[in-house]
Amino acid sequence: MPHTAPTTVTSFIDGASVAPAGEPLPVSYPASGERISELCEADAAEVDRAVSAARKAFDHGPWPGLATDKRQDVLLKIRQTVLDHVDELALLECLNTGLVLRELKDRHVARAAYNFRFFAEFIGQMAGQVYGQNPAYQTVVTREPVGVAGLIAPWNAPLALASMKVAAAIAFGNTCVLKPSEQTPLALARFVELLHEAGLPDGVVNLVNGRGAVTGQALVDHPGVDLVSFTGGTETGRQIMASAGRRLVPTTMELGGKSANIIFDSADIDQALNGALLGIFSNNGQQCLAGSRILVQRSIADDFIDRFVARTERIRVGDPMADDTELGPLASEPHMRRVLGYADIATSEGGRLLTGGQRRDDLGDGYYVKPTAVMAPNNDARVCQEEIFGPFASFLTFDTVDEAIALANASTFGLVSYVWSNDLPTVMRATSEIRAGVVWVNTPMMRELRAPFGGYKDSGVGREGGEACRDFYTEPKTVSIPTAPLALRRLGDN
Ligand code: TXE
């Protein structure tokens, strides 16, 4: 394995790396289990220094008040700098996550760069509002940056997800403190250095590393933080939102899912099969928007599921750095054990293991598993209700459109949903009646950054995307000005 990881990862505050100190935590390569680096955990005092740096950069500028075209210049330079370092960033991300290197280069790093271009362009077209219906006044609404954002990122797609939060926060003139997952600090540490190499002023983006309960909680509780954006598990989201709520700090919560992937008999079955496999097995199965509950119309179910299982068994599992690998290792040993545990849960609940459910011991000490599919006994089964967050598909069958929609909605989650059908009335009913933040029709995942992304129910609160981010990262300010001197009542002058 090429060893390019830094020996130690520390915080990055006010434009400079912090000297190593604090609790050392191991950073491992999921493909071998080998310890490849060490993270120095930021305690509350270090978080305080990071927030103070962000506060200073916000309160004293120049970033929030910079002319938009100047801010755009920096964002576009960041985009180019990220693209210039695609190999380095992808390798660091691969070492840390076990995601397939090729996909990291083609999708994740490319997306990270695009996020900066997108928000650079977005702010170039922003405008306020003017209300002139009352001729005595002109009322103008402008938008101002909110302040210091606390950005908390997960481990499943660190660069792609965190870069979106950073790009959105700073494009609208905020400053921020980013806290990556303690499992995956490597690529984001380099990314934050690159932001500065691209010309971002000191203090605009600060980085703290460490565990959620220590570093993350200190960030959320810090009185200098004005808003919190979180992507991660639902239980953690509840806790963070409660903490932020006590301080009346706005939050966005992008949480888990158990998304229905509905295959109607009116679908193009080959397309649906390709889409279903991508929906559950891409990103090593570790994605909030996975189509993890596959609902198949009974008339086509046997054939569809047989073909799905046959293809699943041919998926190339292995070295995430190899060009032909399709599924790498899971992110950590405890996570692998948790995912595999669901195979036993499925059978103990009366489900049937169709394929997988075991570790790939033949691939060494890495956290490799066989991609897995189970036939669930019913939608109440834990494998249909709980987010497994791995390459683990749960199948159910249905007879009618009504039944499919009812099954899709019988979940505490409501992040996304996939619908495969070439019958327009079926598509129209499904898209209007499914209770999820996003419905994809005849396509696997499609993140349109211009449109809102986020979930109903336990899948989240708030949205991310162009206008949704503008609304979150700016405060509207209403200014009313008389169009001519007013004849004011003269209290006390009679
Ligand atoms: O995530 P956590 P975990 C789901 C998935 C997974 C489960 C648990 O089902 O199995 O969540 O994963 C930080 N204050 N998703 O436990 O804890 C933490 O350090 C502030 C869905 O690994 O949610 C990390 O940076 N921060 C998902 C981030 O929160 C805290 C992506 C996410 O970690 C904190 C990941 C606290 N009190 C997991 N506690 C998605 N929506 O894509 C933790 N953190």
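For ligands, and for the atoms within them, numbers begin at 1 and follow the listed sequence. Just the heavy atoms: all of them, side chains too, but no hydrogens, waters or symmetry mates, feed the values below.
- Of all atoms in ligand 1, numbered sequentially from 1 with element shown, those under 4.0 Å from a heavy atom of Glu182 are 18 (C), 19 (O).
- Any N or O atom pair closer than 3.5 Å counts here, and Gly232 shares at least one such pair with ligand 1.
- In the vicinity of Pro180, heavy-atom distances shorter than 4.0 Å reach the ligand 1 atoms 25 (O).
- With sequence neighbours excluded, the residues that form a salt bridge (charged side-chain N to carboxylate O under 4.0 Å, His left out) with Asp14 are Lys56.
- Heavy-atom distances between Gln286 and ligand 1 stay at or above 4.0 Å for every pair.
- When only interatomic distances are considered, the shortest N/O to N/O separation between Pro154 and ligand 1 does not fall below 3.5 Å.
- Between Phe308 and Phe395, the two ring planes are perpendicular [angle over 60°; tilted spans 30° to 60°].
- The residues Asp361 and Lys370 are annotated as not salt-bridged, no charged nitrogen and carboxylate oxygen being separated by less than 4.0 angstrom.
- A donor atom on one side chain and an acceptor atom on the other are found under 3.5 Å apart for Ser243 and Gln217.
- Remark: Val9 engages Pro6, Ser37, Pro185, Leu186, Ala189, Asn209 in a side-chain contact (heavy atoms from CB on, under 4.5 Å) (not counting sequence neighbours).
- Contact annotation: for Gln287 versus ligand 1, there are no heavy atoms closer than 4.0 Å.
- Close N/O approach between Arg211 and ligand 1 is not found [any backbone or side-chain N/O within under 3.5 Å].
- Ligand 1 has a nitrogen or oxygen under 3.5 angstrom from a nitrogen or oxygen of Gly233.
- Between Lys179 and ligand 1, at least one pair of N/O atoms sits closer than 3.5 Å.
- Considering backbone and side-chain N/O of His335, none are found under 3.5 Å from N/O of ligand 1.
- Near Gln217, meaning under 4.0 Å from any of its heavy atoms, are these atoms of ligand 1: 14 (N), 20 (C), 36 (C), 37 (N).
- No part of Ala157 comes within 4.0 Å of ligand 1, judged by heavy-atom distances.
- For the pair Gly212 and ligand 1, the shortest N or O to N or O distance falls below 3.5 Å.
- An N or O contact shorter than 3.5 Å links Ala153 to ligand 1 by distance.
- Listed by number with element, the atoms of ligand 1 under 4.0 Å from a non-hydrogen atom of Ser181 are 24 (C), 25 (O).
- Distances between N or O atoms of Thr231 and those of ligand 1 include no value under 3.5 Å.
- Distances from ligand 1 to the non-hydrogen atoms of Gly257 include no value under 4.0 Å.
- The shortest N or O to N or O distance between Trp155 and ligand 1 is under 3.5 Å.
- Contacts of Ile240 with ligand 1, taken as heavy-atom pairs under 4.0 Å, involve the side chain alone.
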